[in-house]
Undergrad: 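After the structure tokens below, expect a handful of questions from me.
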Amino acid sequence: NKLHFLADIAWVVVALRFAIHPAVGIHEPRLGLLVWAAVVGWTVLAVAMRLYSPHTPRRLSDHLMLRLLAVVGVTFGLVTIGWLTQGGPLFEPKVFGVLSFCMGAITRALFSRPIASIAPPLDDVLIVGTGPLAVEAYESFVHGPPEDRRRVIGFLRLDGWPPHGKSLVG
């Protein structure tokens, strides 16, 4: 997640650089304000979206919708700052929005699964029980999607519960 966040920040800054109007000089003092506002805005929105149900498994469409909301929020904030500081934005909002959305979405689509597959497990899990539901839970943890990685550390069988016929963890 931290790597995705850093990549998102980098893409927001790159998209802002490509969206700057050609007539605006690179030494324009308001450009620093725009870059700062874009980074702070993206950070605030990313933290807010991460705090909203952080353990909910998300599909690619969920990630894309959250990205779209963040891009719209940052774009709106930058346009507002542009109007408040000099009467208009120093950049083209459509170019910024399309570039920051597409570059970030492509990066996430290409590198999300490979990074998740080599990352360590999120949690250690102790399964209570040894029956069919325990076996099903074990299978879902072991063979589930890489972003929901869990390590099963064992099974808890209470007195009087029948043992399972096959070795599940090995």
Side-chain angles (χ1 to χ4, degrees), residues 1-125 137 139-152:
N1 268 341
K2 292 174 188 165
L3 187 59
H4 288 302
F5 173 72
L6 292 176
D8 287 344
I9 292 292
W11 284 129
V12 164
V13 172
V14 168
L16 186 58
R17 174 63 188 105
F18 280 108
I20 299 286
H21 291 302
V24 176
I26 193 71
H27 300 293
E28 172 72 37
R30 291 172 289 194
L31 287 180
L33 173 65
L34 281 181
V35 170
W36 178 83
V39 169
V40 168
W42 192 272
T43 302
V44 167
L45 288 170
V47 166
M49 287 187 238
R50 181 68 187 144
L51 290 177
Y52 171 72
S53 186
H55 298 292
T56 302
R58 294 190 174 123
R59 298 180 307 265
L60 180 60
S61 60
D62 298 330
H63 286 292
L64 292 177
M65 182 53 69
L66 291 173
R67 172 170 300 287
L68 180 64
L69 290 173
V71 168
V72 168
V74 169
T75 304
F76 179 76
L78 293 178
V79 168
T80 303
I81 288 172
W83 282 106
L84 292 175
T85 58
Q86 92 284 352
L90 294 171
F91 69 103
E92 183 58 46
K94 291 176 193 170
V95 172
F96 172 75
V98 168
L99 285 178
S100 59
F101 179 81
C102 290
M103 291 186 300
I106 290 169
T107 301
R108 181 170 289 272
L110 291 178
F111 299 111
S112 179
R113 290 220 182 249
I115 290 173
S117 66
I118 61 172
L122 293 173
D123 294 316
D124 290 336
V125 176
E139 294 294 330
S140 69
F141 287 134
V142 171
H143 302 296
E147 59 269 6
D148 295 335
R149 57 201 178 278
R150 306 285 190 265
R151 182 176 60 185
V152 176

Undergrad: Got a sec, which pairs hit side-chain hydrogen bond (donor to acceptor under 3.5 Å, both in side chains) with one end in residues 9-24, sequence neighbours left out?
TA: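 Pairs touching residues 9-24 that pass the test: W11-T107.
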Undergrad: Listing request: all salt bridge (Lys or Arg N to Asp or Glu O under 4.0 Å) pairs with a residue in residues 69-92, at least two apart in sequence or in separate chains.
TA: none
Undergrad: Can you name the nearest heavy-atom pair linking T75 to G97, along with the distance?
TA: OG1-CA, 4.2 Å
Undergrad: Any chance you could measure L90, atom CG, to L31, atom CG, to the nearest 0.5 Å?
TA: 6.0 Å
Undergrad: Look up atom OG in S100 and atom CG in L68, then write down how far apart they are to the nearest 0.5 Å.
TA: 9.5 Å
Undergrad: Tell me which pairs pass salt bridge (Lys or Arg N to Asp or Glu O under 4.0 Å) where either residue lies in residues 3-13, with sequence neighbours left out.
TA: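 Qualifying pairs, neighbours excluded: D8-R67.
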Undergrad: Going by atom type alone, with no hydrogens or angles, which donor-acceptor pairs under 3.5 Å involve a side-chain atom of residues 32-42 and a protein atom two or more places apart or on another chain?
TA:
none

Undergrad: Please report the shortest heavy-atom distance between I20 and L16, naming the atom on each side.
TA: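 In terms of heavy atoms, the two residues are closest at CG1-O, 3.0 Å.
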Undergrad: Could you give all pairs that pass the ring pair (Phe, Tyr, Trp, His ring centres under 6.0 Å) test and reach residues 67-92, with sequence neighbours left out?
TA: F91-F96
Undergrad: Quick check: do F5 and T43 have side-chain heavy atoms less than 4.5 Å from each other?
TA: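 Yes - at least one pair of side-chain heavy atoms lies under 4.5 Å apart.
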Undergrad: Would you please test L64 and F101 for side-chain contact (heavy atoms from CB on, under 4.5 Å) and show each step?
TA: CA-CA 8 Å; L64 292 177; F101 179 81; 4.2 Å; yes
Undergrad: Any salt bridge (Lys or Arg N to Asp or Glu O under 4.0 Å) involving residues 68-84? Give me the pairs, sequence neighbours left out, ordered by first then second residue.
TA: none
Undergrad: Locate the shortest heavy-atom distance separating L45 from A70; write the atom from each residue and the value.
TA: CD1-O, 3.6 Å
